There are 2 protein chains.
Amino acid sequence: MKVHKHTKGCFRSHQDSLPELTHRLRKGGAHRMTGPREAVLDAMRAADRPLAIKEIHELLKGTECDLATVYRSMHLLCKSGMVRRVEFGKGGRRFELIPERQEGHHHHLICTECEKVVLLDDCLLDQVAGRIASATGFKEITHQLEFFGRCPACQ
Amino acid sequence: MKVHKHTKGCFRSHQDSLPELTHRLRKGGAHRMTGPREAVLDAMRAADRPLAIKEIHELLKGTECDLATVYRSMHLLCKSGMVRRVEFGKGGRRFELIPERQEGHHHHLICTECEKVVLLDDCLLDQVAGRIASATGFKEITHQLEFFGRCPACQ
DNA sequence: CTCTTGCTGCGAGACGTTTGCATTTTGCCC
DNA sequence: GGGCAAAATGCAAACGTCTCGCAGCAAGAG
């Protein structure tokens, strides 16, 4: 079982530049790179874990970006495939940036006390999904998986 | 990959009787079996899939059970280990009855169009959880996993 | 049957999220 | 560089979901 010990380095590694991000955004339709959207993307790039909408809004307090705009930006970024929505149980919905040309995805292990997040390496379930597809006739199978537990510091 | 083709039969198989359920409820503390709680349990026993709070409340329209009471009942039943909360993505939170002396748990495959639910057989991830525990030092590891896709009828 | 304790209904209200609308901004074309 | 149409923003109002306080009611122990 391989896990990432240095969470920060891992999340910060996808340093897509602003022009790159703008390009990705435009690909999806007539969308513009605006001040608020850039600020939202910056916040996510700087973060070392998936962020909640409220957290992003607070990080943007300096720029006075409206909460509704953060919601609208996240919807757009999700639809454009630049951001992934993660269900964090008690911690609610979080969002994380998807690096350009990332293949596969990972899951998280979340402390039920302090919400510390540990990244788990690439998903082990894609083959399972294939088998489910042939057994049930379902298509386009995706999944949502997170682990929860008590981290060493909280035990 | 083994799946349950006949969802109804599967969910209905845990016909714990009312006295049994009452006993399970009492075990957890000074809790009483009341009309509304019985109605909630009946609704879940009759259902062929996990239900949302709102659905349960609507099923109970005849008995005029208050929405707040449904919420309170579900909290209690979860805390007593009689009910499991399942995150259904877009479909929100759902709840399903846990049969007496059930070992292990299962996951669901949910159609993203019509919300049809297929039960998947017992969880394959418990060993994975053990490996995560020793790799990270986390304890009491649980997980939340659901699959989504397009069912044959919706393709 | 009575009494205690827990439960319910009701209303208020706390969050999280979405929407309509008037105004501002962006990116494009000239 | 300036002007234009389309898109994005801020603000406020409205939702949906879920929680809480409180007064009255009911379950179940003695």
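These figures come from a predicted structure and were not determined experimentally. Letters go in sequence order (proteins before strands), and every chain restarts at 1.
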Exercise for review: Extract, from 5' to 3' on DNA chain C, the first and final nucleotides lying under 4.0 angstrom from some heavy atom of chain B.
Suggested key: C/dT5 to C/dC10

**Study point:** Given DNA chain C, 5'-ward residue of the pair B/Ala30 and B/Thr69, judged by closest heavy atom
**Key:** B/Ala30

Check your understanding: Can you find a heavy atom in the side chain of B/Leu109 that is under 4.5 Å from one in the side chain of A/Phe138?
Key -> yes

Point to revise | Which atom of A/His143 lies closest to which atom of A/Asp126, heavy atoms considered | key: CE1-OD1, 3.8 Å

Practice item. State, without any angle test, whether B/His106 and B/Glu96 hold a side-chain donor-acceptor pair at a distance under 3.5 Å. Key: yes

Review point. Going by heavy atoms in the side chains, are B/Arg37 and B/Leu76 under 4.5 Å from each other?
Key: yes

Review point. Do B/Leu41 and B/Leu25 come close enough that some side-chain heavy atom pair is under 4.5 Å?
Key: no

Check your understanding: Is any side-chain heavy atom of A/Phe95 closer than 4.5 Å to a side-chain heavy atom of A/Ile53?
Key -> yes

Review point. Which nucleotides of nucleotides 17-30 of chain D have their base under 4.0 Å from a protein heavy atom (B), which only their sugar-phosphate (S), and which neither (-), written as one string 5' to 3'?
Key: SBBBB----BBSS-

Exercise for review: Whole angstrom is fine here: how far is it from CD in A/Glu64 over to P in D/dG10?
Suggested key: 9 Å

Exercise for review: Measure the shortest side-chain to side-chain distance between A/Pro50 and A/His108 over non-hydrogen atoms and say whether it is less than 4.5 angstrom.
Suggested key: yes

**Study point:** 4.5 Å side-chain heavy-atom contact, B/His105 and B/Arg84
**Key:** yes

